[in-house]
Protein chains: 2
Amino acid sequence: MIINLDLQSDVPIYLQLRNKIIEGIASKELVAGEPLPSVRMMAADLGVNMHTINKAYQLLKQDGFILIHRQKGVVVNPDGMPEVTNEYRQSLKDALRPIIGEAIARGMSAKDFQVVCAEIFSQITREVD
Amino acid sequence: MIINLDLQSDVPIYLQLRNKIIEGIASKELVAGEPLPSVRMMAADLGVNMHTINKAYQLLKQDGFILIHRQKGVVVNPDGMPEVTNEYRQSLKDALRPIIGEAIARGMSAKDFQVVCAEIFSQITREVD
DNA sequence: GCAACTGTTATATAATTAGTATAACAAACA
DNA sequence: TGTTTGTTATACTAATTATATAACAGTTGC
């Protein structure tokens, strides 16, 4: 899996990495049980520090996207992905609210917004199914 | 307009304030030409520093949501809201992509996601139209 | 056994951001 | 003449982000 980071972005590197890996899972480029590079390998590949990778991995582990075996390695959770819990649903709403607020203020209709979302959905899932 | 800030949130105060004001515009609680409290008044009301308010106002001014007259005051842009430019469309996509990526990874369908968005749309716009 | 690798932990440092605290300025206004 | 406006400047604290090393304990392969 190819990961491009934007070092100039205001989005922290560890968050970019977390998001890219989740998107990789969403697009099925990464499948359950698949091993991920070690923190040191990934750090060398991307040219960033080991701890930055570790921070992303810890977030992914905390949310249940990956498993970390002490001296074995990192794998995409073989037991499947975390479910749509009420807690996640709420955090999703909290994240969407200011975004949708601005869209409305700028005159976007619910339909317009839905089209944008649909575009992104198909962009991410257009791969083999 | 009543503004509640969460001082414990990981979202910076000035961003919370920016988002609340934009949501106020979206819900038509704030209308074009309506004056906003001065940076000092707002700071006193919310119990935060003047510069924190000023930072939010500068962001809103920069995006065209409000106008700031040097010695008059701050008003919601009387000439209407900023349009849906290509630049905004792109930043909207950039913001939505990681959110939608996680939704897909957790097994949400486009339809499920659309329902959540529709809920938020109606929550914000349920007021007088 | 030994070397290489794993995640983990610890410490230190630099840069940036967020927020506060004052203070002063020039223009507008009652 | 005060008061209020946005603006600008300086200084400081705290937290976050990212890097740089270093060491540890368990695993694996030779």
Side-chain angles (χ1 to χ4, degrees), chain A residues 1 3-21 30 33-78 94-95 98, chain B residues 3-22 30 33-78 94-95 98:
Chain A
M1 182 187 180
I3 293 181
N4 290 320
L5 297 179
D6 180 2
L7 300 183
Q8 310 309 318
S9 168
D10 56 336
V11 180
I13 298 174
Y14 74 93
L15 266 190
Q16 290 184 48
L17 181 57
R18 187 202 97 113
N19 292 338
K20 293 273 188 185
I21 290 177
L30 297 176
E34 182 167 342
L36 291 177
S38 73
V39 289
R40 287 176 176 83
M41 286 288 294
M42 180 78 92
D45 284 355
L46 300 181
V48 299
N49 191 271
M50 190 193 70
H51 294 98
T52 306
I53 308 294
N54 192 249
K55 198 164 179 179
Y57 278 2
Q58 290 300 323
L59 280 183
L60 291 165
K61 171 189 171 188
Q62 184 182 310
D63 288 337
F65 289 104
I66 65 174
L67 291 187
I68 303 181
H69 292 91
R70 173 82 190 180
Q71 266 81 16
K72 291 182 179 176
V74 181
V75 295
V76 178
N77 196 334
D94 291 344
Chain B
I3 292 182
N4 291 320
L5 296 179
D6 180 3
L7 301 183
Q8 311 308 320
S9 169
D10 56 336
V11 180
I13 298 174
Y14 73 94
L15 267 189
Q16 289 184 50
L17 180 57
R18 186 201 98 114
N19 293 337
K20 293 273 187 186
I21 290 177
I22 291 178
L30 297 176
E34 181 166 343
L36 291 177
S38 73
V39 289
R40 287 176 177 83
M41 286 288 294
M42 180 78 92
D45 284 354
L46 300 181
V48 299
N49 191 271
M50 190 193 72
H51 293 98
T52 305
I53 308 294
N54 192 250
K55 199 165 178 179
Y57 278 1
Q58 288 301 324
L59 281 182
L60 290 164
K61 171 188 171 189
Q62 183 181 309
D63 288 337
F65 290 103
I66 63 174
L67 291 187
I68 303 181
H69 293 91
R70 173 82 189 179
Q71 266 81 17
K72 291 183 180 176
V74 182
V75 295
V76 179
N77 196 334
D94 291 344

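Below, all heavy atoms of this structure are taken into account, side chains as well, without hydrogens, waters or symmetry copies. Per chain, numbering begins at 1; letters A, B, ... match sequence-line order.
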Exercise for the section: Would you give the length of the straight line joining atom OH of Y14(A) to atom CG of L59(A), rounded to the nearest 0.5 angstrom? Expected result: 6.5 Å
Exercise for the section: Give a yes/no on whether any side-chain N or O of S38(B) is located under 4.0 angstrom from OP1 or OP2 of dT5(D). Expected result: yes
Exercise for the section: Would you indicate, yes or no, if dT7(D) has its OP1 or OP2 atom less than 4.0 angstrom from a side-chain nitrogen or oxygen of K61(B)? Expected result: yes
Handout entry: N/O donor-acceptor pair, side chain H69(B) with base dA28(C), under 3.5 angstrom
Key = no
Handout entry: Nearest-nucleotide pick for V39(B), side chain only, options being dT20(C), dT7(D), dT17(D)
Key = dT7(D)
Problem - Side chain of M50(A) - closest among dG6(D), dT9(C), dT6(C) - result: dT9(C)
Practice task
Measure distances between side-chain N and O atoms of R40(B) and base N and O atoms of dT22(C), and say whether any donor-acceptor pair falls under 3.5 Å.
Solution key: no
Exercise for the section: Give a yes/no on whether any side-chain N or O of N54(A) is located under 4.0 angstrom from OP1 or OP2 of dG7(C). Expected result: no
Exercise for the section: Respond yes when some side-chain nitrogen or oxygen of T52(A) is under 4.0 Å from OP1 or OP2 of dT19(D), and no when none is. Expected result: yes
Problem - Nearest to side-chain heavy atoms of P12(A), which nucleotide of dA21(C), dA18(D), dT8(C) - result: dA18(D)
Practice task
First locate atom NZ of K20(B), then atom CG of N4(B), and finally report the distance between them rounded to the nearest 0.5 Å.
Solution key: 6.0 Å
Exercise for the section: Side chain of Q58(B) only, please: which of dT8(C), dT7(D), dG19(C) is the nearest? Expected result: dT7(D)
Practice task
Measure the spacing between CG of L60(A) and CG of L36(A) and express it to the nearest 0.5 Å.
Solution key: 8.0 Å
Exercise for the section: Answer with base, sugar-phosphate or nothing: what part of the nucleic acid does Y57(A) contact at a heavy-atom distance below 4.0 Å? Expected result: nothing
Problem - Expected output: side-chain D63(A) to main-chain F65(A) donor-acceptor under 3.5 Å - result: no
Handout entry: Closest to side chain of V74(B), choosing from dT20(C), dG6(D), dT5(D)
Key = dG6(D)
Completion exercise
Side-chain atoms of I68(B) come closest, of dT20(C), dG6(D), dA20(D), to dG6(D)
Problem - Polar side-chain contact H51(A)-dT21(D) base: donor and acceptor under 3.5 Å - result: yes
